[in-house]
Peer 1: 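First the structure, then my questions, so here it is.
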Amino acid sequence: MTHQVTATRNIDFSAKGVDKILQNVAYILSTFVMSYPDKRQRDRKLTLEVPFQIAKRRNTARIIDSIQRFEPRAVIIDVDYVGDAFIGKLEPVVKVIVNG
């Protein structure tokens, strides 16, 4: 079964099974790379002048890498974005299949 996941704002500490895996993916989507002090020097890149499509591909690659690394039970099918690029507000929507 395919699930659509977006960033989470609330955490259910009693989640189990598939719900827990989907919540982990949502938490990964809601966490910025720069929010970890440990990663500041390694991942800080100036991407302000990068064309939108290139920035989108880089962000998609980071999302896929993070989910594969931190929640390997979720198999990524697709990464899409909703929002308005002209105002700079896009939210990733990830389609996953849960193994586990």
Side-chain angles (χ1 to χ4, degrees):
M1 175 178 210
T2 303
H3 303 275
Q4 260 189 307
V5 183
T6 58
T8 187
R9 281 141 185 87
N10 299 319
I11 297 175
D12 178 10
F13 291 103
S14 64
K16 293 182 174 130
V18 173
D19 290 334
K20 183 175 183 174
I21 295 168
L22 296 175
Q23 179 173 272
N24 290 345
V25 172
Y27 185 72
I28 291 167
L29 291 175
S30 68
T31 306
F32 293 99
V33 172
M34 294 308 298
S35 67
Y36 287 106
D38 175 45
K39 306 261 302 173
R40 282 193 185 132
Q41 295 174 352
R42 290 180 284 171
D43 287 333
R44 187 163 183 90
K45 295 182 179 104
L46 295 175
T47 57
L48 297 175
E49 296 182 15
V50 174
F52 171 71
Q53 292 299 327
I54 293 173
K56 187 174 163 184
R57 278 186 246 140
R58 286 181 185 168
N59 192 52
T60 300
R62 287 181 184 145
I63 288 170
I64 291 170
D65 179 57
S66 295
I67 293 172
Q68 287 175 342
R69 183 183 310 165
F70 298 113
E71 189 48 83
R73 298 173 289 182
V75 178
I76 302 161
I77 303 300
D78 186 36
V79 178
D80 200 7
Y81 294 86
V82 295
D84 188 356
F86 294 111
I87 62 171
K89 183 168 177 146
L90 290 174
E91 182 178 357
V93 177
V94 178
K95 292 181 185 172
V96 297
I97 294 176
V98 175
N99 287 334

Peer 1: Does Thr60 have any side chain to side chain donor-acceptor pair (under 3.5 Å) partners at least two apart in sequence or in another chain, and if so, which?
Peer 2: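 Once residues adjacent in sequence are excluded, the partners of Thr60 under the side chain to side chain donor-acceptor pair (under 3.5 Å) criterion are Tyr81.
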
Peer 1: So, using side chain to side chain donor-acceptor pair (under 3.5 Å) as the criterion, who are the partners of Asp84 when residues are at least two apart?
Peer 2: none

Peer 1: Calculate, to the nearest 0.5 Å, the distance between atoms CD1 and CD1 belonging to Ile63 and Ile28 respectively.
Peer 2: 10.5 Å

Peer 1: Would you give the length of the straight line joining atom CD1 of Ile76 to atom CD1 of Ile67, rounded to the nearest 0.5 angstrom?
Peer 2: 4.0 Å

Peer 1: Working to the nearest 0.5 angstrom, can you tell me the gap between Asn59 CG and Ile64 CD1?
Peer 2: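 One gets 10.0 Å once the value is rounded to the nearest 0.5 Å.
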
Peer 1: Please say yes or no: joined through hydrophobic side-chain contacts below 4.5 Å, possibly via intermediate residues, are Val96 and Val75 part of one cluster?
Peer 2: no

Peer 1: What is the distance from atom CD of Glu91 to atom CG of Leu29, rounded to the nearest 0.5 Å?
Peer 2: 8.5 Å

Peer 1: So if you build clusters from Ile, Leu, Val, Met, Phe, Trp, Tyr with side-chain heavy-atom gaps below 4.5 Å, do Phe70 and Val94 land together?
Peer 2: yes

Peer 1: At what distance, to the nearest 0.5 angstrom, does CG of Asp78 lie from NZ of Lys95?
Peer 2: 5.5 Å

Peer 1: Taking distance alone, no hydrogens or angles, what donor-acceptor pairs closer than 3.5 Å link side-chain atoms of residues 17-25 to residues at least two apart or in another chain?
Peer 2:
| residue | atom | partner | partner atom | Å |
| --- | --- | --- | --- | --- |
| Gln23 | OE1 | Asp12 | N | 2.8 |
| Gln23 | NE2 | Asp12 | O | 3.1 |
| Asn24 | ND2 | Lys20 | O | 3.4 |
| Asn24 | ND2 | Glu71 | OE1 | 2.7 |

Peer 1: Taking transitive links into account, so neighbours of neighbours count too, which hydrophobic residues share a cluster with Val82 at under 4.5 Å side-chain distance?
Peer 2: Val93

